[in-house]
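Keep in mind the model is a prediction, meaning the values are calculated, not measured. To find a chain, count down the sequence lines: A is the first, B the second, and so on, and within it residues start at 1.
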Amino acid sequence: PFWKSILAGPAPRQSVTAPRSIAGVEATSDLLDSWNLFPDRPWANDFPNQWTPGETGARERLERFLDNGLALYHRRDEPGIESTSGLSPHLRFGEISPYQVWHAVESVVTPETRANASRFLSEVGWREFSYHQLFHNTDLHRRNLRAEFDEFPWEEPNPAHLSAWKKGKTGVELVDAGMRELWKIGTMHNRVRMVAASFLIKNLGIDWRIGEAWFWNTLVDADEASNPASWQWVAGSGYDAAPYFRVFNPELQAAKFDPDSVYRARWIEEYNTPLYPEPIVSLSDTRARALADYATMRGERPQQ
DNA sequence: CACATTTTTGA
DNA sequence: CAAAAATGT
């Protein structure tokens with residue numbers, strides 16, 4: 001309903017260009033580079049190859065997406081190909097606005113790319129919906145929007161499981177590839193985020209807030225609205241969220257969206273070697289336990 | 001933006 | 001009787 005009502009309204013306004021000067025204001029500005037904001041630790045070595053912080057980088061990223069990604073956007077769920085925009089860190093830091101994105105897309109759209117363009121804009125719309133939720137719930141990262149989830153029987157996090165998830169050593173290929181992408185370059189493909197989140201919450205039985213906190217600490221696009229809203233979406237505790245019983249099967253997701261293993265092989269060095277670990281949990285057993293926990297929350301008697 | 005199971009379809 | 005569609009969690 002949120003996006004529908006946005007679309008029913010007027011198009012967003014055009015952005016105004018920055019003024020060269022403001023009458024009566026004398027302002028000098030440091031060069032951003034002189035602040036040496038970029039991390040110099042080894043863990044950030046690969047970051048400069050991934051994105052260029054700042055307004056120019058944001059503009060270039062958008063152009064690149066409009067030139068190459070938009071026509072492929074119907075394949076956005078395949079993490080092995082570059083079909084998503086990669087704009088999230090730029091949007092996060094206000095280096096480009098959703099309104100600018102909207103008008104840029106509308107200015108290049110053709111009948112052939114109309115469907116992809118609308119879908120892409122609706123994804124930007126999810127971000128707006130997240131801010132709508134945050135505006136009305138400043139404790140979005142803490143409180144289940146659907147209060148019945150306060151009764152959910154989360155288990156005490158198993159430290160070995162949680163650590164394996166953070167390090168990408170769960171033995172579940174798509175989850176590990178995503179978590180290692182996150183650690184290496186501070187981002188993760190959206191489809192894989194959903195799978196990795198579903199695995200933590202449902203297969204490992206760990207409270208979504210613990211996953212949210214890890215993403216908040218590691219994502220370069222960590223966003224105070226999108227991050228918690230999306231975790232609540234996967235957990236089923238959010239507004240208009242995925243129902244809790246929608247449990248991703250990481251193996252089926254990998255077969256469907258990474259059929260040639262390109263993504264998994266890219267991020268898991270020891271992929272397809274004996275060094276790669278066995279799964280730390282059984283996907284089917286833990287899925288059954290998750291559904292049983294859900295029934296408990298709903299006050300239902302256990303099956304049989 | 002799921003998956004498993006049941007029911008229906010149709011060659 | 002396999003595949004597609006509907007259904008329940």
Query raised in the report: Are A:Gln253 and B:dC3 close enough that a side-chain N or O sits under 4.0 Å from OP1 or OP2?
Result: yes
Report task. Determine whether the aromatic ring centres of A:Tyr239 and A:Phe2 lie less than 6.0 Å apart. Result -> no
Query raised in the report: For DNA chain B, what residues of residues 69-87 of chain A have any heavy atom nearer than 4.0 Å?
Result: none
Report task. Quickly work out the A:Phe245 CZ to B:dC3 P distance and round it to whole Å. Result -> 13 Å
Query raised in the report: Given A:Arg180 and A:Glu269, is the side chain to side chain contact (heavy atoms under 4.5 Å, CB included) satisfied, shown in steps?
Result: CA-CA 10 Å; A:Arg180 293 190 199 191; A:Glu269 289 109 278; 4.2 Å; yes
Requested in this report: Would you mind reading off the distance between A:Leu291 atom CG and C:dT9 atom P, rounded to a whole angstrom?
Outcome: 11 Å
Query raised in the report: Contact class for A:Lys256 (heavy atom, under 4.0 Å): base, sugar-phosphate, or nothing?
Result: sugar-phosphate
Report task. Using whole Å, report how far OH of A:Tyr244 lies from P of B:dA4. Result -> 15 Å
Requested in this report: Compute the centroid of each ring, for A:Phe65 and then for A:Tyr73, and state whether the two points are separated by less than 6.0 Å.
Outcome: yes
Query raised in the report: Of all of residues 120-135 of chain A, which get a heavy atom below 4.0 angstrom from DNA chain B, listed by number?
Result: A:Glu123, A:Trp126
Query - Separation of atom OH in A:Tyr294 from atom P in C:dT9, rounded to whole Å - result: 11 Å
Query raised in the report: Does A:Ile185 belong to the same Ile/Leu/Val/Met/Phe/Trp/Tyr cluster as A:Leu174, with side-chain heavy atoms less than 4.5 Å apart forming each link?
Result: yes
Requested in this report: For A:Tyr271 and A:Asp176, run side-chain hydrogen bond (donor to acceptor under 3.5 Å, both in side chains): C-alpha distance rounded to whole Å, both residues' side-chain angles, the deciding distance at 0.1 Å, then the answer.
Outcome: CA-CA 10 Å; A:Tyr271 187 70; A:Asp176 288 347; over 6 Å; no
Query raised in the report: For B:dC1, does OP1 or OP2 lie under 4.0 Å from any side-chain N or O of A:Arg119?
Result: yes
Report task. Please state whether the rings of A:Phe149 and A:Tyr244 are parallel, tilted or perpendicular, taking 30° and 60° as the class boundaries. Result -> tilted
**Report entry** Linked, directly or transitively: A:Trp126 and A:Ile96 (ILVMFWY side chains, under 4.5 Å)
**Finding:** yes
Requested in this report: Calculate the interatomic distance between A:Leu252 atom CG and B:dT5 atom C1'; express it in whole Å.
Outcome: 15 Å
Requested in this report: Please report, rounded to the nearest Å, how far the P atom of C:dT9 is from the CG atom of A:Asn249.
Outcome: 20 Å
Query - Interatomic distance where CZ belongs to A:Phe199 and C1' belongs to B:dC1 [whole Å] - result: 19 Å
Query - Cationic N near anionic O, under 4.0 Å, A:Glu123 to A:Arg119 - result: yes
Query raised in the report: Atom CZ of A:Phe248 to atom C1' of C:dT9: distance rounded to whole Å?
Result: 16 Å
Query raised in the report: Salt bridge or not for A:Arg191 and A:Asp77, using N-O below 4.0 Å?
Result: yes
